[in-house]
Amino acid sequence: MSDTLTVDVLDEKGKKAGTADLPGDVFDVQTNVPLIHQVVVAQLAAARQGTHDTKTRGEVRGGGKKPYKQKGTGRARQGSTRAPQFAGGGTVHGPTPRDYSQRTPKKMKAAALRGALSDRARAGRVHVVTGFAPGEVPSTKAALAVLDNLSGRKHVLVVVERQDEITWKSLRNVERVHLLVADQLNTYDVLISDDVVFTQGALDAFLAGPAKGAKNTAATETVADDVANEETK
């Protein structure tokens, strides 16, 4: 396992407010480029709608009558004006609706994300802030001031907590900022961003992993009750 990286945590004024540990098993692992490529290709493929459709000669309207007699005209025999060689005819081997998604194991996705984050962290492009808005009211001006203290690059990925509406409303219309919730962090968005900025809460939520929901807890309790009932019979 790699060593833990330490980065400064900045406050809304750009001053150091403490430090944050970036675990080496997430932010300092070997970057597997072929794996990242495979995961990104699968992610982009899954985003395709796949609703494209063309009509074959059997689906195009019209053309039911033979355009001219079989023999004696000197022209090639034709059975329909909706054949592919005619204008307005059907399309041969054209696209039809399909599902482009690829099956990618969760462990591969997680490994690719760790590799992408590690690449950014080793380059000093992972930052942590206490927050973007000093008050209780969203402020794009204040949020941009915080962001400018961190990075002046063109594409910045900001990771926030799901309930952090103030930061979301402050930065959602900024062109160079892409906002994501901690549990939505993915390899593609990390790769196309020059810098990755976490709020302190978002970093903690990301490292903690997905929380156990009440639904899962209730389901577990139900199964346990069923097993207990079976044993008492």
Side-chain angles (χ1 to χ4, degrees), residues 1-47 102-132 143-144 146-164 167-168 171 174 176-212:
M1 184 181 295
S2 302
D3 296 333
T4 299
L5 302 177
T6 303
V7 296
D8 293 336
V9 179
L10 303 182
D11 59 15
E12 292 86 352
K13 297 181 180 179
K15 297 181 180 180
K16 182 178 177 179
T19 59
D21 292 333
L22 303 180
D25 55 354
V26 177
F27 290 92
D28 193 19
V29 301
Q30 184 176 2
T31 301
N32 188 335
V33 177
L35 172 63
I36 291 177
H37 176 268
Q38 181 177 347
V39 171
V40 169
V41 168
Q43 183 177 343
L44 295 179
Q102 304 175 18
R103 180 186 176 276
T104 307
K106 291 181 180 179
K107 289 185 178 180
M108 288 179 60
K109 294 179 182 178
L113 178 57
R114 290 195 298 268
L117 288 173
S118 298
D119 178 73
R120 292 293 182 265
R122 283 192 288 266
R125 296 193 175 189
V126 174
H127 313 279
V128 183
V129 296
T130 57
F132 282 92
L144 281 178
V146 176
L147 197 62
D148 291 338
N149 289 328
L150 296 171
S151 172
R153 297 186 176 92
K154 196 171 183 179
H155 302 286
V156 180
L157 174 63
V158 177
V159 186
V160 299
E161 293 179 273
R162 184 168 293 277
Q163 64 272 19
D164 191 357
T167 300
W168 192 275
L171 291 173
V174 180
R176 69 187 182 102
V177 173
H178 181 54
L179 279 167
L180 277 183
V181 178
D183 56 11
Q184 294 178 338
L185 191 59
N186 60 85
T187 306
Y188 175 74
D189 285 321
V190 172
L191 290 180
I192 63 173
S193 301
D194 298 320
D195 287 86
V196 181
V197 181
F198 289 89
T199 62
Q200 182 70 66
L203 178 62
D204 295 339
F206 171 68
L207 294 177
K212 301 295 183 181

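Using modelled atom types, no side-chain atom of R120 and backbone atom of F27 make a donor-acceptor pair closer than 3.5 Å. No donor-acceptor pair under 3.5 Å is formed between the side chain of R162 and the backbone N or O of D183. In this structure, T31 contributes its side chain and G115 its backbone to a donor-acceptor pair below 3.5 Å.
Considering only heavy atoms from C-beta on, T130 comes within 4.5 Å of E12 through its side chain. With a 4.5 Å cut-off on side-chain heavy atoms, V7 and F198 do not count as touching. Between R125 and V196 the shortest side-chain heavy-atom distance does not fall below 4.5 Å. Within the 4.5 Å cutoff, no side-chain heavy atoms of D164 are placed close to those of F132. Between P23 and L207, the closest side-chain pair of non-hydrogen atoms falls below 4.5 Å.
Salt-bridge formation is detected for the pair D148/R176: a Lys NZ or Arg NE/NH1/NH2 atom is positioned less than 4.0 Å from an Asp or Glu carboxylate oxygen.
Summarising the geometry, atom CG belonging to L157 is positioned 5.0 Å from atom CG belonging to L180; distances are rounded to the nearest 0.5 Å. Annotation: the span from N32 atom CG to R114 atom CZ amounts to 11.0 Å, rounded to 0.5 Å. Distance check, rounded to the nearest 0.5 Å: CG of D195 to CG of L150 gives 8.0 Å. The distance from atom CG of L144 to atom CG of L171, rounded to the nearest 0.5 Å, is 6.5 Å. Going from atom CG of L22 over to atom OG of S118 covers 9.5 Å, rounded to the nearest 0.5 Å. Put simply, NZ on K15 and CG on L10 are 12.0 Å apart, with the number rounded to the nearest 0.5 Å.
Residues T199 and V160 approach most closely at OG1-CA, 3.9 Å, considering heavy atoms. Summarising the geometry of A116 relative to L191, their closest heavy-atom pair is CB-CD2, 3.9 Å, with the distance given to 0.1 Å. Heavy atoms only, all atoms of each residue included: A182 and A202 are closest at CB-O, 3.6 Å. Of all heavy-atom pairs spanning R153 and S151, the tightest one is N-OG, 3.1 Å. Listed here is the closest heavy atom pair of T187 and L113: OG1-N, 3.2 Å.
With sequence neighbours excluded, no residue forms a salt bridge (Lys or Arg N to Asp or Glu O under 4.0 Å) with D11. The side chain to side chain contact (heavy atoms under 4.5 Å, CB included) check on H155 picks up D194, with sequence neighbours excluded.
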task: Kindly determine whether L185 and F206 satisfy side-chain contact (heavy atoms from CB on, under 4.5 Å), including the steps that lead there.
output: CA-CA 8 Å; L185 191 59; F206 171 68; 3.7 Å; yes

Which pairs would a plain distance check flag for residues 34-47, meaning a side-chain donor or acceptor within less than 3.5 Å of a matching protein atom at least two apart in sequence or in another chain?
unit_1: Q43; atom_1: NE2; unit_2: N186; atom_2: OD1; d: 2.9

